[in-house]
Each structure stands twice: as C-alpha cells, then as structure tokens.
There are 2 protein chains.
Amino acid sequence: MIPTMHDVARVAGVSIKTVSNVINDFPHVRPSTRMRVLSAIEQLGYRPNLSARGLRSGRTGVIGLAVPELRQNYFAELADSIIRAAEKHDLGVLVEQTSGDRDREIAVVTGAGRLRLTDGLLFSPERLGQDDRHLLRPTFPFVLLGERIFGGPTDHVTMHNVSSAKAAVEHLLGIGRRRIALIGAHPDQREEVRPADLRLRGYKAALEAAAIPVDPQLIRAVAPWHRENGAEAMRDLIAAGIPFDGLFALNDTLALGALRALGEAGWRVPDDVAVIGFDDIDEARFSVPSLSSVDPGRDEIAETAVELLVERINERDDERLPPLLVKSEFRIVARESTGFGRSS
Amino acid sequence: MIPTMHDVARVAGVSIKTVSNVINDFPHVRPSTRMRVLSAIEQLGYRPNLSARGLRSGRTGVIGLAVPELRQNYFAELADSIIRAAEKHDLGVLVEQTSGDRDREIAVVTGAGRLRLTDGLLFSPERLGQDDRHLLRPTFPFVLLGERIFGGPTDHVTMHNVSSAKAAVEHLLGIGRRRIALIGAHPDQREEVRPADLRLRGYKAALEAAAIPVDPQLIRAVAPWHRENGAEAMRDLIAAGIPFDGLFALNDTLALGALRALGEAGWRVPDDVAVIGFDDIDEARFSVPSLSSVDPGRDEIAETAVELLVERINERDDERLPPLLVKSEFRIVARESTGFGRSS
DNA sequence: GTGAAAGCGCTAACAT
DNA sequence: ATGTTAGCGCTTTCAC
C-alpha cells in the first residue's frame with residue numbers, strides 16, 4: 001500500500017499534525033523531531049497525495065495553458081517559456097490544444113473540459129475574436145494572451161503589434177527599399193483587432209510616414225499563417241509581375257515559406273528582395289539566408305503572464321483589482337535577409 | 001460559493017447519490033429524475049471537483065509527459081501528437097521539461113516533483129542512459145520513449161533505429177552516391193545504445209552491404225544535435241577538403257544546419273551533395289531545398305505510448321504483464337535534397 | 001431506483 | 001512544540 005501521513009506519524013512516533021508541519025516547513029518544529037519525521041518519510045518512501053491536498057486547500061499547483069497547437073513553432077516556444085516561468089512558482093502546466101476549433105476554445109474559456117483540475121488558465125485564442133469578448137468571464141484566474149481580443153474583463157499580456165510592425169517596415173525603408181510587399185493580411189480585409197489587422201496598420205503607418213503610397217496589389221491575404229501558404233502567396237505575387245524590393249511577412253513561418261518560393265524563382269535575398277518576418281522563432285537564425293525579424297519579447301510575455309496569473313490565484317475575492325493590460329517590449333533583429341551579418 | 005453535489009441534490013430534490021449516478025452515466029436512473037438533476041446542474045452551473053474525485057477514485061485523469069524541451073521541434077511535434085492521443089482517452093497532459101538536466105530526469109523517473117498529480121508518466125530521456133536502467137522502477141504506470149535505454153523493466157516505445165538508418169544510407173547509395181558523410185556521431189565513439197550509436201551502426205551496415213569501406217574521416221561527431229552544431233560540423237568537413245557526395249545527418253535539425261553551411265560554401269544540393277536527415281519534422285518539407293528524411297512514425301509512437309500507459313493504469317497489481325517493447329514502422333521520405341520532386 | 005453514511009489523505013482550527 | 005479533530009467534495013458500499 002501507498003503510505004499516508006498516518007503511517008509516517010506512526011513510524012516517527014509523532015502525530016499527523018507534526019508530519020504536516022514538517023512537510024510544509026512550518027517553523028515551530030524541534031530539530032530532533034523534524035529529523036525523526038524526515039527519516040520516517042524516507043524509510044517509507046512517503047509522497048504527499050496531491051489530490052487530497054488539492055481538495056483540502058483548494059489549490060492543485062497546476063495551471064492550464066491552452067494554445068492552438070504545439071507543432072506551430074511560435075506556440076511550442078511560448079509553451080516552453082511558460083513552463084519555465086511556471087516552474088519558478090512551483091507550478092505544473094497542463095497543456096491543452098484547441099486545434100483551431102472554435103468550440104474547443106469556448107469550452108476552454110468557460111471552464112469546461114479537462115482544465116478544471118487547474119488553479120488558473122493562460123489562453124491564447126486563434127478563433128475567438130473581439131465579438132466573443134463577453135465569453136471571457138473572470139470567474140476563475142485567467143490571463144489572456146495574443147492579440148485577437150482587447151478590452152475584455154481579464155488580464156491580458158500581449159505585444160506592441162502596431163508599433164513593432166511599423167518598426168519592421170521602417171527597417172526595410174532604412175535600407176532603401178521602397179516597394180514593400182506584405183503577406184499575411186486577413187482575407188476579409190476588415191479592420192479589426194487581430195494580429196493581421198494591427199500589423200497591417202503598422203505597415204501602412206510606416207509607409208505613410210515615409211510618404212510612400214500604399215499599393216493594394218502589394219498586400220496579399222494569407223490564412224492561416226502556414227509555411228506553405230506563405231510560399232504560395234509569394235509565388236502568386238511573383239507571377240503577378242508586380243515589382244517589389246522588400247517583403248514584410250506578418251510572421252516568421254510565412255516569411256520562411258516566402259523565402260523558399262523566392263529561392264525557387266531564382267530571386268536573391270536580400271539583393272533582389274529584403275525580407276523581414278515577425279516573432280523571431282529559433283528557426284529564423286538558421287534559415288538560408290537567416291531571417292530578420294521582430295522579437296516580440298516572448299520570454300517576457302511568458303513570465304509576465306504567469307506572474308499575473310499567480311497574483312490572481314492568490315487574490316482574495318474582496319480585493320480584486322481591475323483587469324490589467326501589459327505589452328511586452330519588442331526589438332528588431334536584423335539578419336542576412338535584410339543585408340546584415342550572420343550574428344543573431 | 002462554488003456549488004457542490006449537495007447543492008445540486010437539494011435543488012433537484014434528490015439525494016447526492018442520485019446526482020453522482022447521473023454524472024457518471026449510471027444506468028439505473030429514471031429518465032424524469034435524470035432530467036431534474038441535469039437541469040439543477042445547469043441552473044447552478046455545477047462542475048464536479050476533480051480533486052475530490054481524484055482523492056476518492058485514485059485517478060486524476062492526467063498523465064505526465066517529460067521531454068527535454070519543447071523548443072526542439074521533434075519534441076514539440078511529439079508532445080502535440082501525444083496530447084491528441086491522450087484526448088481520445090479523455091486524459092489531460094501535464095508537460096514537464098527536463099532541460100537536459102540529469103538530476104531533473106532522475107527526479108522525474110523516481111516520481112518526485114510536480115508530476116505526482118498524474119496517473120502515469122511518459123518519459124523521453126536525454127541524459128539518462130543504459131547505465132541508469134536500474135532507476136526505472138515500475139512502481140507507477142510508466143512508458144519509456146526514445147532510444148537511450150533498452151531492456152529496462154518498463155514498457156518502451158521506440159523506433160527501428162538501425163534498420164531505418166540503414167535504409168536512409170541505402171537511399172543515398174541508390175542514387176549513386178558513394179562518398180557518404182555522416183554528422184551527429186557521439187563524441188565518445190563508444191558503441192552504446194544511444195540514437196547516435198544505433199544510427200551509426202545502420203550507416204556502417206549499409207556501406208558494408210554495398211562493399212564500400214567506411215572512411216572515419218567522413219564520420220563527424222556532433223553534440224548536442226542543434227542546428228548550429230550541424231552547420232559547424234559541415235563547415236569543418238568542407239574545410240578539411242575531404243571529398244564527399246552524400247550526407248546522412250542523424251537528425252533533421254543537424255541536416256538543416258548542414259544545408260545552411262553547404263549553401264554558404266556554395267555547394268549545390270543535391271547536385272554536389274545529396275542530403276538525408278532523420279525524424280521528418282514538419283520543417284523538412286519547407287526548407288530550401290526540401291529535406292529528405294526518415295519518418296520514424298511519430299504519431300504511431302504517440303498513440304502506442306498512450307495506449308500502453310492507459311493499459312498499465314487500468315491494470316490490476318495481481319495481473320501485471322511483462323514489459324513490452326514496441327517499435328514503430330518507419331519510411332523513407334524522398335524530397336529535393338536527394339533529387340526528388342517537391343511533393344512531401 | 002434511490003437514500004444514508006463512511007471515508008479517501010490532507011490541512012487548519014483549536015486545544016494542550 | 002505537538003496532539004485532536006472536523007471537514008474539503010466526491011464515490012461507493014449497503015440498505016431500503
């Protein structure tokens with residue numbers, strides 16, 4: 001049988017309370033008693049039952065992370081960072097994939113599904129949007145990630161989409177490019193608050209500031225942001241015969257697909273076209289040529305999100321703070337695809 | 001307050017047992033009673049407390065997955081597949097990263113740490129090896145992944161390393177390559193049971209079968225299998241001036257790094273050097289040129305591993321079956337880097 | 001077909 | 001500084 005606290009108490013010749021005190025580092029325990037308990041624990045191979053502890057304390061020590069899918073590099077790296085950040089708070093992370101399924105995203109935010117064993121939830125939506133804001137009810141500790149929903153009733157950690165996209169385009173302008181294409185716009189072309197729309201807005205703002213007219217032919221809609229779609233959009237653009245000397249891809253995956261299509265077509269990067277992506281995934285450093293990108297501050301996002309969640313978990317109901325919006329710092333990472341050296 | 005079963009029972013005008021019966025789809029409940037209970041649940045927004053259920057039943061409905069780190073593509077894709085496979089069994093997945101830290105791997109296999117809230121563990125070691133076999137004590141449901149430890153006392157799901165590596169080299173031989181380099185051998189060059197050693201053995205076997213002598217100069221040690229190290233090994237090999245016309249990289253990440261180094265040096269792939277990797281990560285389809293690889297059957301590994309774990313979880317102590325070793329089917333995926341078309 | 005009650009292993013009053 | 005005890009919310013005999 002698996003030993004319980006009672007067994008430990010019996011072996012150590014103390015009460016169960018003392019065992020609990022030792023385990024939870026309660027201060028007032030005589031060193032000799034502590035030693036006896038510790039050796040009993042060792043001897044029996046005792047491990048606290050976390051379900052019992054969870055039942056009693058109302059805490060499981062686990063938080064949930066819901067992302068579209070881990071095979072997308074960005075989310076794998078985000079999950080990696082979040083798991084590391086959670087470790088510092090001694091929290092485990094239960095990872096749920098919503099797989100681009102709206103109903104699953106709804107199930108997740110409404111607290112259904114497997115994630116109920118958790119103390120709180122980090123959620124990165126891919127289908128829910130601004131109109132679904134009302135679904136986010138702060139009935140449990142919850143931190144929103146990403147840039148599809150703004151102004152909701154929960155904490156939110158995101159990036160400076162508009163200004164960092166603007167900076168990316170300014171980077172291309174800075175190396176003399178004037179005909180800058182964009183791939184990854186949202187197919188419906190509405191101006192909403194989605195990453196695609198915000199980054200497109202940054203693109204337009206940069207061109208406008210440089211007094212360069214926006215050419216709609218250079219703006220290509222792509223969804224979803226998969227590599228093959230990036231390649232396809234690039235092939236279309238090339239086939240259309242519209243001249244361009246710069247490319248802003250709304251994420252790195254698209255950019256890598258585009259790089260491939262440019263390579264196939266015999267275009268040289270950055271000589272013929274300078275390319276910049278967005279996200280700064282690990283892979284950007286190792287493509288041929290290496291890919292310039294926008295580092296949106298993923299580690300910072302992860303740490304901030306976990307910290308906010310922990311605060312919400314520890315918050316008492318009668319002292320609840322208003323929802324917080326945090327935007328991480330970004331930076332432009334210049335690599336070969338915009339004519340810079342091999343350094344990362 | 002969060003409603004409990006008692007509240008539901010009160011509202012529905014039944015006993016707590018009946019509520020439990022309804023929730024657990026117990027057959028003998030009168031339809032009218034069931035309806036009353038269901039609407040009470042709806043009305044109160046009742047959700048079962050999983051900690052209580054876990055305490056009572058001894059099951060949490062969560063399994064642990066311990067991998068080195070998710071930012072490595074292979075593990076992100078493995079985690080993705082495993083989470084999907086676990087879903088089918090209605091299990092959540094708590095993901096732990098061991099970060100290439102031996103002590104953390106030991107903590108994980110001995111059942112310490114955060115993973116105690118789980119019903120069982122899937123473990124993919126990166127540091128523990130054959131000599132640590134004794135640490136794997138089947139005191140809880142456990143399935144080993146990967147190819148660093150064989151003959152242990154637990155179930156094990158792995159791939160056909162030797163024969164699939166042999167097939168990869170045969171693929172290169174089949175397109176007429178005779179001077180085939182290998183990158184990713186283990187630096188200590190001992191013949192152990194590690195992926196590097198097993199795949200190296202497959203390489204040698206293929207050459208031997210083709211009556212081609214093994215040239216030690218063509219075998220490059222690399223550790224760890226990171227992209228930059230693959231690039232570096234390739235640069236070294238090129239700098240050494242040893243002629244070669246084929247390359248077998250022991251995983252895709254190395255191969256992609258090598259591809260980059262070949263590109264830098266102005267070598268054409270596959271014309272000058274045909275390249276094949278191992279793992280068939282998503283990225284292999286989209287590199288320039290696309291990368292031929294060995295698909296080790298990752299989805300199959302994930303599904304088999306979860307199934308074995310579920311069986312172990314459901315197994316009674318007095319009917320325990322001997323440990324099982326399962327090897328997934330592999331296949332060679334020929335792409336541009338070995339002269340084949342753009343199809344995946 | 002439904003109810004009453006015990007108890008899973010732990011924590012936290014409260015008592016000593 | 002340590003012991004006693006009452007639950008946390010659920011499942012599960014065992015009655016009826």
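All values below come from the heavy atoms of this structure, side chains included, with hydrogens, waters and symmetry mates left out. Labels below follow one simple rule: chain letters A, B, ... track the order of the sequence lines, proteins then strands, and each chain is numbered from 1.
- Residues that satisfy the side-chain contact (heavy atoms from CB on, under 4.5 Å) test with A:Q43, not counting sequence neighbours, are A:V11.
- An angle of 30°, rounded to 10°, separates the two end axes of the helix from C:dG1-D:dC16 to C:dT16-D:dA1, each defined over five pairs.
- Looking at B:R148, its side chain does come within 3.5 Å of a backbone N or O of B:R127 through a donor-acceptor pair.
- A donor-acceptor contact shorter than 3.5 Å is absent between the side chain of B:Q97 and the backbone of B:V67.
- In this structure, A:S15 reaches the D:dG3 phosphate: one of its side-chain N or O atoms is under 4.0 Å from OP1 or OP2.
- Summarising the geometry, the separation between CG on B:L44 and C1' on D:dG9 is reported as 15 Å, rounded to the nearest angstrom.
- At distances below 3.5 Å, at least one donor-acceptor pair connects side-chain atoms of A:N24 with backbone N or O atoms of A:S20.
- First and last contacts of DNA chain C with chain A, using any nucleotide atom under 4.0 Å from a protein heavy atom and ordered 5' to 3', fall at C:dG9 to C:dA13.
- Following rounding to the nearest Å, A:F26 (CZ) and D:dT2 (C1') show an atom-to-atom distance of 11 Å.
- Under the 3.5 Å distance criterion, the side-chain polar atoms of A:D101 are left unmatched by any main-chain donor or acceptor of A:T98.
- A:V108 approaches A:F123 most closely through the heavy-atom pair CG1-CD1, 3.9 Å.
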What string of B, S and - do you get for nucleotides 11-16 of chain D 5' to 3' if you count protein non-hydrogen atoms under 4.0 Å? BBB---

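- Within 6.0 Å of CD1 in A:I2 there are 12 or fewer heavy atoms belonging to other residues, nucleotides or ligands.
- At distances below 3.5 Å, at least one donor-acceptor pair connects side-chain atoms of A:S328 with backbone N or O atoms of A:P296.
- To the nearest 0.5 Å, atom NE2 of residue B:H89 and atom CD1 of residue B:I313 are 9.5 Å apart.
- For the contact set between residues 31-41 of chain A and DNA chain C, defined by any heavy atom under 4.0 Å, there are no members.
- A donor-acceptor pair under 3.5 Å is absent between the side-chain atoms of A:D155 and the main chain of A:V143, judged by distance alone.
- Among all heavy-atom pairs drawn from B:P125 and B:I149, the shortest one is CG-CD1, 4.3 Å.
- Between the side chain of A:D80 and the main chain of A:A76, no donor-acceptor pair closer than 3.5 Å is present.
- Qualifying ring pair (Phe, Tyr, Trp, His ring centres under 6.0 Å) partners for A:F26, counting only residues two or more places apart in sequence or in other chains: none.
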